[in-house]
Amino acid sequence: TLLHMENTEYILRSALYFLGTIVVGYVAGVVTASGEVDRLELSRSQAEELLQRDRILTIVNNLADGILSTDKDGIIQVYNAASLNLLDTNSELAGQPIDGILHLVDKENKSFKFVRAFRTARSVETREDLSATISGETIHLSVIYSPIRGTNSHDQDTHDGYIVIL
């Protein structure tokens, strides 16, 4: 009976190890499958985000008004074809400071700097008194600019960038 008792204990211990291995394998399979679902969901979400971005860029590029979007420091990030036409250029604007490519003056011929105006802008601002000399011709512009706040930005004084409509 002693031999029988050791044999039973051995069988029981082996069965528990076997069941433990099966449970661990099952849990690992569930985690792996869950990770795959997360990867598929992330991939789908990224594809949807790219589609939305392409839609917005298509709309912006088909507007008649010149549109410039800058980061918080006034560096141009996105622009449309109408802004290139208005500025009479085919040069790349992305990465350029907005005040470096668009030299505006007010009615008293005082220089208007976007970066300075951006610092005080809390909502949509409109200026009807600005002009620029482009290709030797003085053009009077209606300029609208506004801060851009990210969807996760709760602070009214924190801006992710600015939008300028010419």
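The figures that follow rest on heavy atoms only: side chains count, while hydrogens, waters and symmetry mates do not.
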Enumerate donor-acceptor pairs with a distance under 3.5 Å from any side-chain N or O in residues 79-91 to protein atoms, sequence neighbours excluded.
unit_1	atom_1	unit_2	atom_2	d
Tyr79	OH	Glu92	OE1	3.3
Tyr79	OH	Glu92	OE2	3.4
Asn80	OD1	Ile67	N	2.9
Asn80	OD1	Ser83	N	3.0
Asn80	OD1	Ser83	OG	3.4
Asn80	ND2	Val60	O	2.9
Asn80	ND2	Asp65	O	2.9
Ser83	OG	Asn80	N	3.4
Ser83	OG	Asn80	O	2.6
Asp88	OD2	Ser135	OG	2.4
Thr89	OG1	Ser91	N	3.0
Thr89	OG1	Ser91	OG	3.1

In short, Arg149 meets Arg122 closest at the heavy-atom pair NH2-O, 2.9 Å

hydrophobic_cluster_shared for Val124 and Val164, side chain cutoff 4.5 Å
no

Apart from Ile75 itself, its cluster of hydrophobic side chains linked below 4.5 Å comprises none

Would you check if Ile101 and Ile76 make a side-chain contact, meaning some heavy-atom pair closer than 4.5 Å?
yes

Heavy-atom check, side chain of Leu104 versus side chain of Val143, under 4.5 Å:
yes

For Arg119, the side-chain hydrogen bond (donor to acceptor under 3.5 Å, both in side chains) test, sequence neighbours excluded, returns none

Between Pro147 and Ala121, what is the shortest heavy-atom contact and its length?
CG-O, 3.8 Å

Under the ring-ring contact (aromatic ring centres under 6.0 Å, His included) rule, what pairs show up with a residue in residues 80-113, not counting sequence neighbours?
Phe112-Phe114

When you measure from the side chain of Asp160 to the backbone N and O of Asp71, does any donor-acceptor pair fall under 3.5 Å?
no

What donor-acceptor contacts under 3.5 angstrom involve side-chain atoms of residues 47-56, with partners at least two apart or in another chain?
unit_1	atom_1	unit_2	atom_2	d
Glu48	OE2	Gln52	NE2	3.1

With rounding to the nearest 0.5 angstrom, report the CZ to CG distance, Arg127 to Leu141.
12.0 Å

Is the closest side-chain donor-acceptor distance between Ser69 and Gln77 under 3.5 Å?
no

What verdict does the side chain to side chain contact (heavy atoms under 4.5 Å, CB included) test give for Ser131 and Ile139, after you've listed the backbone C-alpha separation in whole Å, the side-chain angles of each residue and the deciding distance to 0.1 Å?
CA-CA 5 Å; Ser131 61; Ile139 302 170; over 6 Å; no

Look up atom CG in Asp106 and atom CG in Leu130, then write down how far apart they are to the nearest 0.5 Å.
6.5 Å

Please walk me through it: do Asp99 and Arg116 pass side chain to side chain contact (heavy atoms under 4.5 Å, CB included)?
CA-CA 10 Å; Asp99 287 324; Arg116 193 174 332 142; over 6 Å; no

Going only through I, L, V, M, F, W and Y residues with side-chain contacts under 4.5 Å, is there a path from Ile98 to Ile144?
no

Give a yes or no on whether Val115 and Leu102 share a hydrophobic cluster (residues Ile, Leu, Val, Met, Phe, Trp, Tyr; joining criterion: side-chain heavy atoms under 4.5 Å apart).
no

Check whether any side-chain heavy atom of Val78 sits under 4.5 Å from a side-chain heavy atom of Leu93, and report yes or no.
no

Under the ring-ring contact (aromatic ring centres under 6.0 Å, His included) test, which residues partner Tyr162, sequence neighbours left out?
Phe118, His159

